[in-house]
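Down below is the structure, laid out as structure tokens.
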Amino acid sequence: MNNMDKIVSLAKRRGFVFPSSEIYGGFGGFWDFGPLGVALKNNIKELWWQEFVEKRDDVFGLDASIIMNPRIWEASGHTGSGFADPLRECTGCHRRFRSEDLNENKCPVCGEKLDKEKKFNILVKTFIGPVEDETALTYLRGETAQAIFVNFDNIQDTFHPKLPFGIAQIGKAFRNEITPGKFIFRSREFEQMELEYFIYPESDEEQFIYWKEFCLDFLSKLGLKRKNLRYYDHPKEKLAHYSKGTTDIEYQFPFGWSEIWGIARRSDFDLKQHSRYSGKALNYKDADGGNILTPYVIEPSVGVDRLLFSLMSDAYREDGKRTVLGLSPRLSPYKAAVFPLVSNKEQLVSKAREIYLEIKKELPAVFDDRGNIGKRYYSQDEIGTPWCITIDYDTLEDETVTVRDRDTAVQERVKYRKLADYLKKQLQS
Ligand code: GAP
């Protein structure tokens with residue numbers, strides 16, 4: 001098995017990620033997150049929210065609706081050819097393919113001739129209202145960003161921020177990707193964490209550099225190895241329709257270097273478009289009321305699912321007989337696992353449960369008394385639990401437990417009354 005297959009297998013076997021609708025044969029490009037996947041995702045989102053919103057005075061949070069007025073997507077350019085995949089359609093079976101996935105000039109499925117390359121829009125359509133006709137047509141959002149632009153005035157009117165300031169949002173986005181794949185790397189339903197940072201036009205270059213570094217630092221804080229990260233500057237001819245310049249942060253996935261984070265200079269494109277289409281001028285007025293301008297925007301945009309995949313890849317290692325998911329403890333689904341040394345000694349089991357319930361009040365923890373202790377350690381290593389706590393006969397005498405570290409396998413004895421504080425201190429270090 002290569003590393004990609006090993007990670008996909010671990011994700012399924014241990015309850016991180018399941019293929020969607022599996023008992024019906026699956027549904028391409030959709031995934032379900034199991035108990036450990038949800039926990040890992042929540043931890044990623046929480047850390048992003050802390051760094052990008054809570055710790056700052058200049059960023060405001062938002063949670064907007066997924067379905068919005070369809071005019072928004074016309075204004076943003078998403079219903080046009082800007083948000084489209086260049087594809088070739090088979091003249092026989094009408095299946096569509098990306099040119100780079102084709103080896104010859106005929107349909108890989110039915111062998112018929114392929115049409116010339118055309119652009120196919122990837123917004124997901126839906127209908128709102130009692131009649132399913134063109135007037136009821138709208139879209140599931142293709143990015144969270146547009147909801148931020150259309151709320152620009154609401155944030156100004158309620159919080160009166162001074163430039164530069166940002167609006168941030170975490171939420172689902174949907175794209176009818178023609179070639180979803182590479183596990184959760186490219187899906188049709190995914191989550192984005194986006195910041196639109198509004199700036200004075202003249203500080204565009206300086207802010208762009210600042211946010212590129214800020215995002216890279218954040219990835220290092222999450223524990224991604226620097227050697228597996230790099231910047232990639234988009235060539236001018238490949239820029240998205242809204243962009244005056246974009247740098248991606250790429251990660252070295254098991255299948256090669258690919259984008260996890262796009263940092264784009266969106267200029268005043270979006271605010272101007274929405275002003276034009278809505279008839280409501282989206283401007284910024286300096287505090288003294290003198291200077292009215294349309295701010296420029298720097299947009300760092302990252303996918304939660306893709307980031308989760310990179311974190312699992314980066315953390316995965318085989319160490320002799322054991323497989324270790326060396327996640328940063330702050331990301332680990334469980335911070336501690338609690339075991340009685342053996343499962344057939346009532347006194348040990350009940351003491352272990354008592355200690356487990358105490359720890360669980362403070363931190364996400366799990367109890368395990370199945371199989372032998374060695375197997376339990378390995379089982380926790382594989383899902384990234386940083387500390388395993390064993391209750392043994394000495395515990396009954398001296399109120400200490402062993403704490404085993406996932407990465408070093410070193411064991412330490414700690415008074416169980418101090419355990420929660422001990423673990424919290426380790427988490428902060
Ligand atoms: N608002 C800008 C925007 O949406 P993007 O480069 O299309 O830009 C930003 O998407 C990020 O969202 C990507 O870097 C990636 O992490 C994530 N993303 C985009 N499409 C995705 C997909 N089909 N599946 C999973 N993640 C995706």
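Since we're looking at a predicted model, the values are computed, not measured. Start at 1 and go down the list; that is how both ligands and their atoms are numbered.
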Are any of the side-chain heavy atoms of Arg265 and Ile298 separated by less than 4.5 Å?
-> yes

Mind checking whether Arg186 has an N or O less than 3.5 Å away from an N or O of ligand 1?
-> no

Starting from atom 12 (O) of ligand 1, which protein heavy atom do you reach first, and at what distance in Å?
-> Gln192 NE2, 3.3 Å

Glu299 neighbourhood, listing ligand 1 atoms whose heavy-atom distance to it stays under 4.0 Å = 1 (N), 2 (C)

Please determine if Arg96 and Glu89 form a salt bridge, counting it only when a charged side-chain N lies under 4.0 Å from a carboxylate O.
-> yes

Note: ligand 1 atoms sitting under 4.0 Å from heavy atoms of Gly262 are 14 (O)

Ligand-side contact atoms (ligand 1) for residue partner Glu143, heavy atom cut-off under 4.0 Å | 1 (N), 2 (C), 3 (C), 4 (O)

Quick one: look up the protein heavy atom nearest atom 8 (O) of ligand 1 and list residue, atom name and how far away it is.
-> Tyr242 OH, 3.7 Å

What residue and atom, counting heavy atoms only, is the protein's closest point to atom 15 (C) of ligand 1, and at what distance?
-> Arg306 NH1, 3.5 Å

Is it the side chain (CB and beyond), the backbone, both or neither of Arg266 that lies under 4.0 Å from ligand 1, heavy atoms counted?
-> side chain

Would you tell me whether Glu194 and Thr144 have side-chain atoms, one donor and one acceptor, within less than 3.5 Å of each other?
-> yes

Side-chain contact test, heavy atoms from C-beta onward, threshold under 4.5 Å: evaluate it for Leu419 versus Ile355 and give yes or no.
-> yes

Output yes when the distance from some N or O of ligand 1 to some N or O of Phe190 is under 3.5 Å, and no in every other case.
-> no

For Glu194, take its heavy atoms, then give the atoms of ligand 1 lying under 4.0 Å from any of them.
-> 1 (N), 2 (C), 3 (C), 4 (O)

Quiz item: cation-pi between Lys125 and Tyr139, 6.0 Å / 45° | no

Considering only the protein, which heavy-atom contact is closest to atom 13 (C) of ligand 1, and what is its distance?
-> Glu259 OE2, 3.3 Å

Aromatic plane relationship, Phe309 with Phe255 - under 30° parallel, 30 to 60° tilted, over 60° perpendicular | tilted

Heavy-atom side-chain contact between Leu47 and Trp49 under 4.5 Å = no

Look at atom 24 (N) of ligand 1 and say which protein heavy atom is nearest, naming residue and atom and giving the distance to 0.1 Å.
-> Ser187 N, 3.0 Å

Just say parallel, tilted or perpendicular for the rings of Tyr284 and Phe165, cut-offs at 30° and 60°.
-> tilted

Polar contact flag for Arg175 and ligand 1 (N/O pairs, less than 3.5 Å) | yes

Arg141 near ligand 1, heavy-atom distance under 4.0 Å?
-> no

Distance from Leu40 atom CG to Lys45 atom NZ, nearest 0.5 Å?
-> 11.0 Å

Side-chain heavy atoms of Leu195 within contact of Glu299, under 4.5 Å | no

Glu412 versus Tyr422, side-chain donor and acceptor atoms under 3.5 Å = yes

For atom 9 (C) of ligand 1, what's the nearest protein heavy atom and its distance?
-> Ser301 OG, 3.0 Å

Numbering as shown, the atoms of ligand 1 that approach Phe185 to under 4.0 Å (heavy-atom distance) | 24 (N), 25 (C), 26 (N)

With only distance considered, is Ile260 within less than 3.5 Å of ligand 1 through an N or O on each side?
-> yes

